[in-house]
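Numbering of residues begins at 1 and proceeds along the displayed sequence.
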Amino acid sequence: MKNWLKGTNAVVLSLAVIGIFIVLTIFLHSLKGVQWDFSKDKKFTLSDQTKTTMQQLKKDVHVLAFSNQGGEVDPEITDMLSAYHKLNSKLTYEEVNLVKKPALAKQYNVTQYSTIVFVIDGKTNLVNPSDIYLQDQTTGAQSFNGEQKFTQAIVNLSTEVKHPVYLITGHGELTSETASTFTQGLQQAGYEVKDFNLVGTAQVPTDAEALILLAPQKDLGDVETKVLQDYVKGKGKLIFGLNLVPDMDKWKNWYAILNTLGIKNQLSLAIENNSKAGDPFTIVPEYGSHAITDKLMEQNIVTILQGALGLTADSANTSYQSTALLKSTADSYGKTNISRFTSQEPLTQADVAEKDTDPKGPLDLAYAIQDKDGKPKAIVIGNSFMFENDLIGQYGNNDFIMNSVGWLQEQKDQLTIRPRLVDMPQQAMISPSQGRVIQYISLIIIPLLILLLGGGIWWRRRKG
């Protein structure tokens, strides 16, 4: 009788556990948009930008995911689209076999396997597999760039108004071509990007919502200075990035533009005594409190500056108010013998060593500037290398830059953290016979061993 009661209790307890598990599974599945990500670097968690984009989505988005050569859609893609759908049911998707539905592929100009097509109000945006899966040319490692491209496709199709911004050229600055990654980021955020040669012009284009000038190599002419000053003193908005270049200590007109905004180039190269990057010329700056940097601080996302110049704000300038965005640490100092760092002669230890006359850290490296009414006016950064193609994607550089543009344009929804590249898992190449062995072990042998072990334990207890 006791053995029967024990067996009955065990059965009831097992059924109760199974019932609780089923109920809990159904409950968790019903929680729309809720997920737990215990992976390293939160690689399965959607970014703030994606969440905001999906929350603000008002139009229906239909996505066609064309199959790979095996006739299936890659699980990374379907999992990602499923996560988007959970955030907003206005996004729906279907898997399309490229071979079985050639007419549909032709309709959307799809010629490659694993192409993803986003459709809103009849407008389409194709995301090619080469944009989704990126391969490091050195190591051969693959990264998944799906979230960034999918979110950008939705933003592109949803944005009805394009905001024109101009990259100033004519003095050796970065252009839309030499800063192509930055340009693409602007375009994907809804900006219309054009180059504008300031030399010999009488005025700034009337539709310019902002001017961007990065890494000038020589000084402005007097006529250009007047044009740019009138623009800045009026309703114009400006992003100004400086790099260390020869003879910049002899410039006059670029500094007149900065003086108008209450900013001065300290003409000192920032050096870190205890650089986190292991290079005294590479600065991992500390953030000032500001809408541009708050989320970066909150999520502990750093930016990287190489060859940064110290800046100072003129407290006597009452026309504008400035807030320091980036600072070097208290262990840093600034080298004012800048001609040694732009010459072709090799540097010596004495050139880099700290001297009593050197400015002491922390040094201000970037400012956000507002007018008297508190409206965004300008961003000034003592570094333009971070805008270049090989550096903009590192760490939080792109987030800081795009947040700066969004703040300047008063686009609060663009002050966010953007999607990151996700490393693809390493794949082991196995033969079909090895695959069958693994399948048999996983589906038959291991469950059978567990069943036999459980049966043996039950039999021993019954005999006891």
Polar side-chain atom of [X] near backbone of [Y] as donor-acceptor pair, under 3.5 Å:
| X | Y | result |
| --- | --- | --- |
| N197 | V199 | yes |
| S268 | G334 | no |
| T53 | Q49 | yes |

What distance do [X] atom [atom1] and [Y] atom [atom2] have between them, rounded to the nearest 0.5 Å?
| X | Y | atom1 | atom2 | answer |
| --- | --- | --- | --- | --- |
| W254 | M248 | CH2 | CE | 11.0 Å |
| I292 | I401 | CD1 | CD1 | 11.5 Å |
| T78 | I116 | OG1 | CD1 | 9.5 Å |
| L391 | T282 | CG | OG1 | 9.0 Å |
| S332 | E354 | OG | CD | 8.5 Å |
| L214 | F385 | CG | CZ | 12.0 Å |

One thing to verify: whether [Y] and [X] come together as a salt bridge, which I'm taking to mean a side-chain N less than 4.0 angstrom from a carboxylate O.
| X | Y | result |
| --- | --- | --- |
| D314 | K264 | no |
| K237 | E410 | yes |
| E192 | K194 | yes |
| K252 | D219 | no |
| K226 | D230 | yes |

Do the ring planes of [X] and [Y] sit parallel (below 30°), tilted (30 to 60°) or perpendicular (above 60°)?
| X | Y | answer |
| --- | --- | --- |
| F144 | Y133 | tilted |
| F150 | F118 | tilted |
| F182 | F387 | perpendicular |

Looking at every non-hydrogen atom in both residues, tell me the closest pair between [X] and [Y] and how far apart they are.
| X | Y | value |
| --- | --- | --- |
| Q187 | N156 | O-OD1, 3.4 Å |
| H85 | L91 | ND1-O, 2.7 Å |
| K327 | L365 | C-CD1, 4.1 Å |
| Y255 | D249 | OH-N, 4.4 Å |
| Y84 | T151 | OH-OG1, 2.6 Å |

Audit row: R340, D351, salt bridge (charged side-chain N to carboxylate O under 4.0 Å, His left out) steps and yes/no: CA-CA 7 Å; R340 285 294 295 119; D351 293 326; 2.7 Å; yes
